[in-house]
Q: 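This is the structure I want to talk about, given as structure tokens.
Note that the coordinates shown come from a computational prediction; the quantities given were computed from them, not determined experimentally.
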Amino acid sequence: MRNWYVNFEHPTTRTVDGFDTFDLTVDLVVAPDLSSWQWKDEDEYAHVRRLGIVTDTEHRAVDMARAQVLAMIEERSRPFADIAAWRSWRWDPAWPTPRLPRSKRAARSVEPTDG
């Protein structure tokens, strides 16, 4: 494992066309042994705050989430509880590739034409 990477974003939601995501631009990079960490893209986060893309309400939620993740790192809790297990985790090549059902809207938009 090179590092832990904590991405701050809205929860992903399923839509008719696929998925909606909203990255809040700020991220946290943590050493594999949890001994150190650093914030990434603070300048971008400040910029989207100035533009109003990340609202005051969202900013308060990000601040709370930042405090929560730092507490989890300090306490070695939640995803950081068993770092040895995560270090050895590997994708099983026998697992099938996940497939999502196509939406009816997407299927209509790619129907073949006579042509």
Side-chain angles (χ1 to χ4, degrees):
M1 171 191 300
R2 284 188 358 205
N3 58 16
W4 295 84
Y5 194 89
V6 181
N7 190 35
F8 291 78
E9 60 186 34
H10 283 231
T12 301
T13 56
R14 181 74 195 254
T15 68
V16 172
D17 297 316
F19 295 94
D20 277 344
T21 63
F22 187 85
D23 191 314
L24 296 163
T25 70
V26 70
D27 306 296
L28 182 65
V29 181
V30 183
D33 64 357
L34 308 179
S35 63
S36 64
W37 51 265
Q38 68 181 38
W39 293 106
K40 183 174 178 268
D41 301 327
E42 289 269 41
D43 55 339
E44 286 181 45
Y45 184 69
H47 184 67
V48 296
R49 286 281 296 131
R50 280 191 301 276
L51 294 174
I53 296 169
V54 172
T55 66
D56 290 342
T57 301
E58 290 167 323
H59 176 63
R60 286 189 295 277
V62 168
D63 277 350
M64 286 176 38
R66 286 183 191 226
Q68 288 172 335
V69 75
L70 292 176
M72 285 187 264
I73 292 167
E74 179 70 27
E75 298 162 358
R76 307 299 197 257
S77 64
R78 296 233 172 136
F80 308 105
D82 190 356
I83 60 175
W86 282 111
R87 278 192 195 134
S88 63
W89 186 90
R90 299 292 181 268
W91 178 269
D92 184 340
W95 290 343
T97 302
R99 302 230 183 256
L100 295 172
R102 290 178 51 129
S103 71
K104 291 178 183 175
R105 181 176 174 182
R108 283 194 308 268
S109 67
V110 293
E111 289 177 2
T113 59
D114 294 336

Q: Where do Thr55 and Glu58 come nearest, in terms of heavy atoms and distance?
A: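 Heavy-atom minimum between the residues: N-OE1, 2.7 Å.
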
Q: Can you name the residues that form a side-chain contact (heavy atoms from CB on, under 4.5 Å) with Ile83, not counting sequence neighbours?
A: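 Scan of Ile83 (side-chain contact (heavy atoms from CB on, under 4.5 Å), adjacent residues dropped) gives Trp4, Leu34, Arg87.
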
Q: Working to the nearest 0.5 Å, report the span between CE of Met72 and CZ of Phe80.
A: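 Met72 atom CE to Phe80 atom CZ measures 6.5 Å (nearest 0.5 Å).
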
Q: Mind telling me whether Trp89 and Trp86 have parallel, tilted or perpendicular rings, with 30° and 60° as the class edges?
A: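 Ring orientation, 0 to 90° scale: tilted.
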
Q: Give every residue pair that meets the salt bridge (Lys or Arg N to Asp or Glu O under 4.0 Å) criterion with at least one member in residues 37-47, sequence neighbours excluded.
A: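 Non-adjacent pairs meeting salt bridge (Lys or Arg N to Asp or Glu O under 4.0 Å): Glu42-Arg66.
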
Q: Would you say that more than 12 heavy atoms from the other residues, nucleotides or ligands in this model lie under 6.0 Å from the CZ of Arg78, or not?
A: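 Open: at most 12 neighbouring heavy atoms sit under 6.0 Å from CZ of Arg78.
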
Q: Taking all heavy atoms of Glu9 and all of Thr12, pick out the closest pair and write down the distance.
A: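 Shortest heavy-atom contact: OE2-OG1, 4.1 Å.
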
Q: Would you call Val6 and Trp37 a side-chain contact if the rule is heavy atoms closer than 4.5 Å?
A: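 SC-SC contact between Val6 and Trp37 ruled out.
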
Q: Side chains of Leu70 and Glu74, heavy atoms from C-beta outward: is any pair under 4.5 Å?
A: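 A side-chain contact under 4.5 Å is absent here.
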
Q: Could you check Ser35 against Asp33 for side chain to side chain donor-acceptor pair (under 3.5 Å), going step by step and ending with a plain yes or no?
A: CA-CA 5 Å; Ser35 63; Asp33 64 357; 2.6 Å; yes

Q: Can you tell me if CH2 on Trp39 sees more than 12 non-hydrogen neighbours from other groups inside 6.0 Å?
A: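 Atom CH2 in Trp39 is crowded, with more than 12 foreign heavy atoms closer than 6.0 Å.
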
Q: Tell me every residue that passes salt bridge (Lys or Arg N to Asp or Glu O under 4.0 Å) with Asp56, counting only those two or more places apart in sequence or in another chain.
A: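 Applying salt bridge (Lys or Arg N to Asp or Glu O under 4.0 Å) to Asp56 gives Arg49.
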
Q: In Å and rounded to the nearest 0.5 Å, what is the OG to CG distance from Ser77 to Asp82?
A: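 That separation rounds to 12.5 Å.
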
Q: For a quick test of your reading: what N or O donor-acceptor pairs under 3.5 Å do the side chains of residues 23-32 make, sequence neighbours left out?
A:
residue	atom	partner	partner atom	Å
Asp23	OD1	Thr25	N	2.6
Thr25	OG1	Tyr45	N	3.4
Asp27	OD2	Tyr5	OH	3.0

Q: Give the cluster check for Phe8 versus Leu51: same hydrophobic cluster or not, with ILVMFWY residues linked at side-chain heavy-atom distances below 4.5 Å.
A: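 Result: yes, single cluster for both.
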
Q: Which residues satisfy the side-chain hydrogen bond (donor to acceptor under 3.5 Å, both in side chains) test with Thr13, sequence neighbours excluded?
A: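 For Thr13, no residue satisfies side-chain hydrogen bond (donor to acceptor under 3.5 Å, both in side chains) once neighbours in sequence are set aside.
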
Q: Could you tell me which residues satisfy ring-ring contact (aromatic ring centres under 6.0 Å, His included) with His47, sequence neighbours excluded, listed by chain and number?
A: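 Result, ring-ring contact (aromatic ring centres under 6.0 Å, His included) vs His47: none returned.
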
